[in-house]
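To start, the structure itself, in structure tokens.
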Amino acid sequence: MARLAQTAGLTDVQQEILSTVRDFVDKEIIPVATELEHRDEYPQAIVDGLKELGLFGLMIPEEYGGLGESLLTYALCVEEIARGWMSVSGIINTHFIVAYMLKQHGTQEQKDHFLPRMAAGDIRGAFSMSEPALGSDVSAISSKAVKDGEEYVLNGQKMWLTNGGTSSLVAVLVRSDEGHAEGTAPHKSMTTFLVEKEPGFGEVRPGLTIPGKIDKMGYKGVDTTELIMDGLRIPADRVLGGVTGRGFYQMMDGVEVGRVNVAARGCGVAQRAFELGVRYAQQRHTFGKAIAQHQAIQFKLAEMATKVEAAHAMMVNAARKKDSGERNDLEAGMAKYLASEYCKEVVEDAFRIHGGYGFSKEYEIERLYREAPMLLIGEGTAEIQKMIIGRRLLEEYRFQG
């Protein structure tokens, strides 16, 4: 039987990369993921293995020491990694978004300085938009940068920073009213700063504190933190792109490809849930036969597999659209919305197939059941995706009357 979620038209190089990643997931991630997740332990050995595979530089151009691969290749690798343990894909995702923003928007000096070390995995990236008083309303950011000679002084509190402790480079979005007339739209007076820091918790550089990890329902192992800036001084040459006021657009560009990544994570988690469900259904017997032989379970498996296929197809389409250089916010929004919703549903159906055992921490589906809800929120809620989709549809289908 063919595996679900196959991708047509891949090159030999892409197939080789995916085969290598799949083997790594099966041998190095799946056997230890649940134990590490229950301990909320950072998967250092797994991360080191991914570094050796070159995955931290997968989309970084070859001239900077990366592999120069496409967003599609990256998304398919993320899908495989999330199939093993979603937290590991989160460690890579924030790094990838920062590298992508540098590649697309950084000055030549910034690219030369950061990208080779990011490709090698020696610098790990994280990005920060959210604050305690806001989530989806990015325009309400209150953290602020004020020019002081050849430096900027940053103050404010950021929230939900993935890789906040383990990263050494954080792209931080703040308000920067300097040079902008009063009444300028909020999104036109935001700037992204490239903040270098030491990994760890506490005061990681003068004026910058990373408190301890936020205790979460799921998505464990990876560190999620706050970021507190109190008189943090950043040189002017660490403004992403060298010009203030462009931060909102830079971040949205990064989040757009991040949505493809989240869709890929949803596909990977859903695939694993299906694998667990279909296997358990053939092992568990009731009324004298395997529960897989009961029509009710076969209907569930059919629905689950169809959702896995549909989400994968939309994710691949969104990645290919971005790789072609075309605008893909509609496709990325649709893929992220569908994949995260279907992931939640497939995981719940696999949980139901497991019956009472699904509630036991001895079974892997228990972990997936706690992890799936994060995808409903990350890189924009379902409601935000629907707003994006709706607005884009009205642009495409504008009634001329």
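We use all heavy atoms of the structure for the numbers below, so side chains are in, but hydrogens, waters and symmetry mates are not.
- Salt-bridge annotation for Lys51 and Asp122: present, with a side-chain N of the basic residue lying under 4.0 Å from a carboxylate O of the acidic one.
- Rounded to the nearest 0.5 angstrom, Phe127 CZ and Leu240 CG are separated by 13.0 Å.
- Rounded to the nearest 0.5 angstrom, Cys343 SG and Leu338 CG are separated by 11.0 Å.
- There is a side-chain donor-acceptor pair under 3.5 Å between Glu379 and Asn93.
- Contact check on Glu80 versus Arg22 returns a salt bridge, with a Lys/Arg side-chain nitrogen under 4.0 Å from an Asp/Glu carboxylate oxygen.
- Counting only heavy atoms from C-beta outward, the side chains of Ile384 and Ile388 approach each other to under 4.5 Å.
- When each of Thr11, Asp12, Ile17 is paired with Gln14, the side-chain contact (heavy atoms from CB on, under 4.5 Å) condition holds for Thr11 and for no other.
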Please assess Glu366 against Arg370 for the test salt bridge (charged side-chain N to carboxylate O under 4.0 Å, His left out), listing each intermediate value before the final yes or no. CA-CA 7 Å; Glu366 180 270 343; Arg370 289 183 290 102; 2.7 Å; yes

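- With salt bridges taken as basic N to acidic carboxylate O contacts below 4.0 Å, one links Glu331 and Lys321.
- Here Phe193 contributes atom CZ and Leu173 contributes atom CG; the two are 10.0 Å apart, rounded to the nearest 0.5 Å.
- At a threshold of 4.0 Å, the pair Glu395-Arg327 counts as salt-bridged, since one of the basic side-chain nitrogens sits closer than that to a carboxylate oxygen.
- From Trp85, atom CH2 reaches atom CD1 of Ile46 across 6.0 Å, with rounding to the nearest 0.5 Å.
- Neither side chain, His105 nor Thr192, offers a donor N or O lying under 3.5 Å from an acceptor on the other.
- Between the side chains of Thr166 and Arg124, no donor-acceptor pair is found at a separation under 3.5 Å.
- Under 3.5 Å, the side chains of His312 and Thr7 contain a donor-acceptor pair of N or O atoms.
- Taking a cutoff of 4.0 Å between a charged side-chain nitrogen and a carboxylate oxygen, Asp329 and Lys336 do not qualify as a salt bridge.
- Taking CD1 of Ile297 as the start and CD of Gln295 as the end, the distance is 11.0 Å to the nearest 0.5 Å.
- With respect to Glu196 and Arg238, a salt bridge is recorded, a charged nitrogen being found less than 4.0 Å from a carboxylate O.
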Verdict with supporting geometry, Glu348 and Lys344, salt bridge (charged side-chain N to carboxylate O under 4.0 Å, His left out): CA-CA 6 Å; Glu348 182 170 343; Lys344 176 202 68 172; over 6 Å; no

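- We find that Lys307 and Glu303 are not joined by a salt bridge, their nearest charged nitrogen and carboxylate oxygen being 4.0 Å or further apart.
- Using cut-offs of 30° and 60° for the angle between ring planes, the His354 and Tyr280 rings count as parallel.
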Working note: Lys386 + Glu383, criterion salt bridge (charged side-chain N to carboxylate O under 4.0 Å, His left out); need CA distance, chi angles, decisive distance, verdict. CA-CA 5 Å; Lys386 290 177 185 179; Glu383 290 73 24; 5.3 Å; no

